[in-house]
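Since this is a predicted model, take the numbers as computed values, not measurements.
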Amino acid sequence: MLRSLWVKFLIILISVSMISLASAFLLRELIIRDFQEYLEGGREDRIYKIMASIEGSYEKYSGWKEEELNENIIWALLLGYECKIMDTDNKEIINTNKALESLSPLMKRRILALSDFSFDERIRNNKRFAVYPLFLGGKNIGHLDIKLLSSQDGHAKETIFLKRSNRLLIISIFALGGLSVLLSFIFSRRLTDPVKKLTIAAKDISEGNIKSRVPVSGNDEIGKLSVAFNAMADNLEIQESLRKKLMSNIAHELRTPLTSIQGELEGMIDGLIKVDRERLLSLNEEAGRLKTIIEGIEELSIAEASALELRKHPINMKPFLVNIKDRFENLYSDKGVELELECEDNLTFHADPDRLSQIVINLLSNALKATEKGGGVQVKAGIEYGESFIEIKDTGQGMRKEEMPFIFERFYKVSEGGLGLGLTIAKELAEAHGGRIEVQSEYGKGSVFTVYIPEFTTSS
């Protein structure tokens, strides 16, 4: 298939080259045709001038005067024509040979030198005479027999031009045509090689070698395709790594409470552990942890599958956020972290209050974990550039640049504790509203998470 693609490119490029050469050949033919018509028109004009001069001589002397016609015949010879003047009885009055013989030897040599014609050439010239009737006052007075002579070297100027143009055309066909074929071969290879490498890399990835990449050359469409392919391969590698980590994290999160439960139950069965309220409460706590993990996974799967049915209606944001702030007040106070709220009284969002509350709670929980004693978290809601937003800013530990691309991935944890699902669920819920979450963070200085929710309204 790749070879077929290369052959197709080669055929297309060669075809374009051949069409270009054919166009040049056609253009040359049109130019030559116009040039020949121009020359023919020039010859006709010269013949008509010769006729006019001969008719003028007849009018001047009221008849044919051979001696006076010599000048016209010699002038015609200098223009490249051999002539014969015939009267109405088809009797020859004078011809080019007689006109030359009437000249002195010196003048004859000069005329022949200037005209570049010889007697031998005129004898070898087997062109037929063209007959042009001569008139004076509408009355026929005879006719002019005339034919075009070739130059002494056997080539008229136009013939030389035509031969040179033909020679140039042949050189162009072989030189430029050969160069076009060579360049077509090279460029078709250059065009198809990246596609071939992309195909090989795609096949490697489909066979499980997700580390396969393609070299990027240039900034054209194929280069951009290579960049996009490598980015896709990088994402696939990251996703594969996260998938393996996800399975490992799920197994770890589930194994811990299950191992604890199984150990205590086995101890009770063997009589090594006393069955009392304290042990049962411990088992219940571990079962609660297990339930929390399963509920988190279930909630995430529902959000990701877009099976979430949002019940949107106007929410007065000030009391909504105050209520959430009150729920976290004790937790923040116990840790020594200050929680602040900034929101206008008349701000209203159009959203699902339960899901929006879940987003804010997840973000506030993460902010509390990231912020040490003496730090602070600020919640701010408002309108910016036509979008409503909720901003949660903390003075916590922040995140490293290498951690930023993965913080919304499932079970990814920046720090110990939790399931690593909070940000993933928050992102899914924000997108379910048609919004998004943006994050800015500097390691050691804190983070800012901003939730944008469209379709806001304000009440008076």
Side-chain angles (χ1 to χ4, degrees), residues 27-166:
L27 179 62
R28 179 260 179 194
E29 288 299 317
L30 293 174
I31 292 174
I32 293 301
R33 187 183 67 180
D34 291 343
F35 177 69
Q36 289 176 334
E37 290 178 355
Y38 167 77
L39 292 178
E40 186 63 30
R43 295 188 190 105
E44 290 294 323
D45 289 342
R46 288 192 291 273
I47 290 173
Y48 289 140
K49 289 178 181 178
I50 293 171
M51 292 172 61
S53 179
I54 293 172
E55 290 167 347
S57 176
Y58 184 90
E59 181 182 15
K60 180 179 180 181
Y61 296 102
S62 301
W64 298 117
K65 190 172 183 181
E66 183 176 334
E67 294 81 5
E68 298 298 329
L69 293 175
N70 285 340
E71 291 184 9
N72 296 317
I73 299 298
I74 296 301
W75 177 49
L77 178 63
L78 291 174
L79 292 177
Y81 294 97
E82 181 180 359
C83 300
K84 292 189 296 182
I85 298 177
M86 316 292 287
D87 61 14
T88 53
D89 297 328
N90 204 29
K91 179 180 177 182
E92 183 179 294
I93 299 172
I94 192 170
N95 58 39
T96 300
N97 187 44
K98 287 182 180 180
L100 284 171
E101 293 300 327
S102 66
L103 299 175
S104 65
L106 178 60
M107 184 60 67
K108 180 179 179 180
R109 285 195 300 272
R110 292 188 65 184
I111 292 297
L112 290 175
L114 290 172
S115 62
D116 199 24
F117 297 100
S118 67
F119 288 110
D120 293 337
E121 172 58 28
R122 293 202 311 280
I123 294 172
R124 289 196 304 269
N125 188 344
N126 55 7
K127 293 180 182 179
R128 299 181 63 180
F129 283 93
V131 179
Y132 289 85
L134 299 171
F135 291 92
L136 183 62
K139 178 183 177 181
N140 180 258
I141 58 174
H143 57 84
L144 171 68
D145 295 354
I146 190 168
K147 66 178 177 180
L148 181 67
L149 295 172
S150 299
S151 60
Q152 214 169 24
D153 59 3
H155 299 281
K157 292 180 177 62
E158 57 268 24
T159 303
I160 295 174
F161 172 79
L162 293 176
K163 285 189 175 182
R164 286 180 178 176
S165 64
N166 287 333

Exercise. With sequence neighbours left out, write down each residue that passes salt bridge (charged side-chain N to carboxylate O under 4.0 Å, His left out) with Glu40, or none if nothing qualifies.
Key: Arg43
Practice problem: Kindly compute the distance separating CG (Leu100) from NZ (Lys98), expressed to the nearest 0.5 Å. | Solution: 13.0 Å
Practice problem: Could you tell me whether the side chain of Asp87 and the main chain of Asp89 form a donor-acceptor pair under 3.5 Å? | Solution: yes
Quiz prompt | Summary of salt bridge (charged side-chain N to carboxylate O under 4.0 Å, His left out) pairs that have at least one residue in residues 49-62, sequence neighbours excluded | solution = none
Quiz item: What residues, two or more places apart in sequence or in another chain, satisfy side chain to side chain contact (heavy atoms under 4.5 Å, CB included) together with Ser104?
Solution: Leu106, Met107
Quiz item: To the nearest 0.5 Å, how far apart are CD in Glu101 and CD1 in Ile94?
Solution: 11.5 Å
Exercise. Tell me, yes or no, whether the heavy-atom count around Phe129 atom CZ, taken from other residues, nucleotides or ligands under 6.0 Å, exceeds 12.
Key: yes
Pair up each side-chain donor or acceptor in residues 131-146 with any protein partner under 3.5 Å, not counting sequence neighbours, and list the distances.
| from | atom 1 | to | atom 2 | distance (Å) |
| --- | --- | --- | --- | --- |
| Tyr132 | OH | Glu44 | OE2 | 3.2 |
| Asn140 | OD1 | Gly142 | N | 3.4 |
| Asn140 | ND2 | Leu134 | O | 3.3 |
| Asn140 | ND2 | Gly142 | O | 3.2 |
| His143 | ND1 | Asp145 | OD1 | 2.9 |
| His143 | NE2 | Asn90 | OD1 | 2.9 |

Practice problem: State which residues pass salt bridge (charged side-chain N to carboxylate O under 4.0 Å, His left out) with Lys65; sequence neighbours excluded, sorted by chain then number. | Solution: none
Exercise. Using side-chain hydrogen bond (donor to acceptor under 3.5 Å, both in side chains) as the criterion, list what pairs up with Glu92, not counting sequence neighbours.
Key: Asn95
Please list, one pair per line, the donor and acceptor atoms closer than 3.5 Å that link side chains of residues 68-79 to other protein atoms, with sequence neighbours excluded.
| from | atom 1 | to | atom 2 | distance (Å) |
| --- | --- | --- | --- | --- |
| Glu68 | OE1 | Tyr61 | OH | 3.1 |
| Glu68 | OE2 | Tyr61 | OH | 3.4 |
| Asn70 | ND2 | Ser102 | OG | 3.3 |
| Asn72 | OD1 | Ser53 | OG | 2.4 |

